[in-house]
There are 2 protein chains.
Amino acid sequence: MAIQQFSRSLPMMLYRTLDAVMPRFRKIFNDFGLTEQQGRVLRVLWERDQIALGELARLTLIPTPSLVGIVDRLSSMELVARQRSDRDRRVVHVLATDKGLALEPEIMPRVAAAYANLKQSIDAESWDLALQGLQKISALGEAAKRND
Amino acid sequence: MAIQQFSRSLPMMLYRTLDAVMPRFRKIFNDFGLTEQQGRVLRVLWERDQIALGELARLTLIPTPSLVGIVDRLSSMELVARQRSDRDRRVVHVLATDKGLALEPEIMPRVAAAYANLKQSIDAESWDLALQGLQKISALGEAAKRND
DNA sequence: TCTAAATAATTAATATATTAATGATATTGT
DNA sequence: ACAATATCATTAATATATTAATTATTTAGA
């Protein structure tokens, strides 16, 4: 009974849901020699010309120390580049190279299709209510962050 | 706009929600010198006398190769022990030691309080609907797993 | 202006995740 | 009984997460 509760707790349900949905997306990126996190970084850079490493961390939800290594590896694959800011020399901007940009039309259609297929396998109301609930719960964390 | 979509996608909402809720639980386990995953293993062992490593992996949602190292470390802390099965000598059972069992009354009240506090900060309906939605979505993965 | 505090990226150390392979034991079909 | 296959735990190699410390630079304040 107690274990049943643990198994149905919010954290475990979140982990279980990720285990259920992520393999299909990971597989797409893996087909291009990329990890899930490397793919997240590219997805953001496909939409933004350049972006400070710190903001890239916030948008991808990748912790900054991890992101340093991820950008290192993407950089050695020549998919992204670093550029130190002139305004504030502490800041490093990250941007996609031409080679990195060229991947978007290869990858995104498959991602979009997988996402549509996933969404379609759940009734629309459950889907929306789940996302709305997550929105409310995650807002707690954002508020907490602003207060420390 | 496209980046907005990415940011509000189910996977990113799941990660964002975990980022919002897990730090408070992690902090409790850290206070006892434990990681989140080590805490997950102990929580299951507090409810079951002994359990095969593979089933422990399923219940904790920890991948088996990771679990091997986690049990190694818990074992060297003398919080759990391994016992090879007689029935099937491929199977290893894991169980909590007395020292491991003694942690339950120290840790669980704080976990329960943190969970109650979290749940209380969201309206009950949103909470329930979110969990029901997650239940449906995660069921997809279970089904997929049974088919390969 | 000069120093103390704050910020951005990085490094470091340890733990965990991912994917593939391996070794030992069980099971199945013949 | 035997060979092929399957299963369980483990190892291996690489990538990422977590937490704390460090370096370079900027900002705030005396």
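Numbered from 1 within each chain, the chains take letters A, B, ... in sequence-line order.
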Rounding to a whole Å, what distance do you find between [X]:[atom1] and [N]:[atom2]?
X     : N      : atom1 : atom2 : result
B:R87 : D:dC8  : CZ    : C1'   : 16 Å
B:F29 : C:dT14 : CZ    : C1'   : 19 Å
B:Q83 : D:dA9  : CD    : P     : 14 Å
B:Y15 : C:dA17 : OH    : P     : 12 Å
B:D19 : D:dA17 : CG    : P     : 10 Å
A:L67 : C:dT11 : CG    : C1'   : 15 Å
A:R73 : C:dT18 : CZ    : P     : 15 Å
A:R26 : D:dT14 : CZ    : P     : 20 Å

Counting any heavy atom closer than 4.0 Å, what does [X] reach on the DNA or RNA strands: base, sugar-phosphate only, or nothing?
X     : value
B:Q38 : sugar-phosphate
B:S66 : base
A:I70 : sugar-phosphate

Presence of [X] side-chain N/O under 4.0 Å of [N] phosphate oxygens OP1/OP2:
X     : N      : result
A:R89 : C:dA8  : no
B:R84 : C:dA24 : no
A:R82 : C:dT10 : yes
A:R90 : D:dT23 : no
B:Q37 : D:dT18 : no

I'd like to know if the side chain of [X] and the backbone of [Y] have a donor-acceptor N/O pair within less than 3.5 Å.
X      : Y      : result
B:R8   : A:L131 : no
B:T60  : B:R40  : no
A:K119 : A:W127 : no

Could you tell me whether B:R110 sits above the aromatic face of B:F32, with NZ or CZ closer than 6.0 angstrom to the six-membered ring centre and within 45 degrees of the axis?
no
Return whichever of A:L53 or B:L61 has its heavy-atom-nearest nucleotide of DNA chain C closer to the 5' end.
A:L53
The answer to which of A:K27 and A:D88 contacts DNA chain C further toward the 5' end, by nearest nucleotide, is A:D88
A:D123 and A:S126: side chain donor to acceptor below 3.5 Å
yes
